[in-house]
Amino acid sequence: QVQLVESGGRLVQAGGSLRLSCEASGRTFYSYAMGWFRQVPGKERVFVAAINWSGGSTYYADSVKGRFTISRDNAKNTVYLQMNSLKPEDTAVYYCAAALTTAQAMGDLLNLSADYWGQGTQVTVSS
């Protein structure tokens, strides 16, 4: 069992930056590909970014490419999402998720399929 706890969400002005963190419990963090997702009330959850177990491979949604950076520190059991040049349309609840590393783990995350999900953290970007 893996528990994921997100933090770092808050109110920020457009053009500002935030760094979200997701800390995982357990000793097998390195066994999981990790992803960030976001959801606006009344809309479906969407993929934001994913990173493989080593950090050597990353994917981003087109809407955040060039502005957001996903990274991980396996020694700290933590995955990060650095968000720069924030826009009001980035306002959402952000969730992290873990997918057990297999050949299709990154593909699973791209399709919103994961083994574990966090509870979410609210990011609000004011104009």
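Just so you know, these numbers use all the heavy atoms, side chains as well, and skip hydrogens, waters and symmetry mates. For clarity, every value in this text was computed on a predicted model and none was experimentally measured.
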Subject >> Minimum-distance pair of heavy atoms, taken over all atoms of Trp53 and Asn74 >> reply: O-ND2, 3.0 Å

Subject >> Nearest atoms (heavy-atom pairs only) where Lys65 meets Tyr60 >> reply: CE-O, 3.6 Å

**OP:** Indicate, with yes or no, if Phe29 and Leu100 share a hydrophobic cluster defined by side-chain heavy-atom contacts under 4.5 Å among Ile, Leu, Val, Met, Phe, Trp and Tyr.
**Re:** yes

Original post:
Which is it for Tyr59 and Phe47 under the side chain to side chain contact (heavy atoms under 4.5 Å, CB included) test, yes or no, and what are the steps along the way?
Top reply: CA-CA 10 Å; Tyr59 289 111; Phe47 168 81; 4.1 Å; yes

**OP:** Group every Ile, Leu, Val, Met, Phe, Trp and Tyr by side-chain heavy-atom contacts under 4.5 Å, then state whether Phe37 and Leu81 land in the same group.
**Re:** no

Original post:
Do you know which two heavy atoms are closest between Ala114 and Ala97, and how far apart they sit?
Top reply: CB-CB, 3.6 Å

Original post:
By side-chain hydrogen bond (donor to acceptor under 3.5 Å, both in side chains), which residues pair with Asp90, not counting sequence neighbours?
Top reply: Arg38, Arg67

Original post:
Are Val2 and Leu109 connected in the hydrophobic side-chain network, where two residues link if heavy atoms are under 4.5 Å apart?
Top reply: no

Original post:
Does Thr28 have any side-chain contact (heavy atoms from CB on, under 4.5 Å) partners at least two apart in sequence or in another chain, and if so, which?
Top reply: Ser31, Tyr32

Original post:
To the nearest 0.5 Å, how far apart are OG1 in Thr78 and CD in Glu23?
Top reply: 4.5 Å

Original post:
Which atom pair, heavy atoms only, marks the closest approach of Leu86 to Leu18?
Top reply: CD1-N, 3.9 Å

Original post:
Does atom CD of Gln3 have more than 12 heavy-atom neighbours from other groups under 6.0 Å away?
Top reply: no

Original post:
So if you build clusters from Ile, Leu, Val, Met, Phe, Trp, Tyr with side-chain heavy-atom gaps below 4.5 Å, do Val79 and Phe68 land together?
Top reply: yes

Subject >> Non-hydrogen atoms of Pro88 and Ser127 that approach each other most closely >> reply: CG-CB, 3.8 Å

Original post:
Do the numbers put Arg19 on top of the ring of Tyr80, so that NZ or CZ is under 6.0 Å from the six-membered ring centre and no more than 45° off the axis?
Top reply: yes

**OP:** Please say whether more than 12 non-hydrogen atoms of neighbouring residues, nucleotides or ligands are located less than 6.0 Å from OH in Tyr116.
**Re:** yes

Which atom pairs, one a donor and one an acceptor, fall under 3.5 Å between side chains of residues 5-17 and the rest of the protein, sequence neighbours left out?
from  : atom 1 : to     : atom 2 : distance (Å)
Glu6  : OE1    : Gln119 : N      : 3.0
Glu6  : OE1    : Gln119 : NE2    : 3.4
Glu6  : OE1    : Gly120 : N      : 2.9
Glu6  : OE2    : Cys96  : N      : 2.8
Glu6  : OE2    : Gly120 : N      : 3.3
Ser17 : OG     : Asn84  : OD1    : 2.9

Original post:
Roughly how far apart are Thr101 OG1 and Asp108 CG, rounded to 0.5 Å?
Top reply: 10.5 Å

Subject >> Set of side-chain hydrogen bond (donor to acceptor under 3.5 Å, both in side chains) partners for Gln122, sequence neighbours left out >> reply: Thr124

**OP:** Evaluate the criterion side chain to side chain contact (heavy atoms under 4.5 Å, CB included) for residue pair Cys22 and Tyr94; output intermediate values, then yes/no.
**Re:** CA-CA 10 Å; Cys22 172; Tyr94 283 72; over 6 Å; no

Original post:
Can you list the other members of the hydrophobic cluster that holds Tyr30, where links are side-chain heavy atoms under 4.5 angstrom apart?
Top reply: none

**OP:** Any salt bridge (Lys or Arg N to Asp or Glu O under 4.0 Å) involving residues 114-123? Give me the pairs, sequence neighbours left out, ordered by first then second residue.
**Re:** none

Original post:
Which heavy-atom pair separates Arg72 from Met34 by the least distance, and what is that distance?
Top reply: NH1-CG, 3.6 Å

Original post:
Is it true that Val125 and Met83 fall in one hydrophobic cluster, defined by side-chain heavy atoms closer than 4.5 Å?
Top reply: yes

Original post:
Do the side chain of Asn52 and the main chain of Ser57 share a donor and acceptor less than 3.5 angstrom apart?
Top reply: yes

**OP:** May I have the step-by-step check of side chain to side chain contact (heavy atoms under 4.5 Å, CB included) for Leu4 and Trp117, ending in yes or no?
**Re:** CA-CA 6 Å; Leu4 304 174; Trp117 291 87; 5.6 Å; no

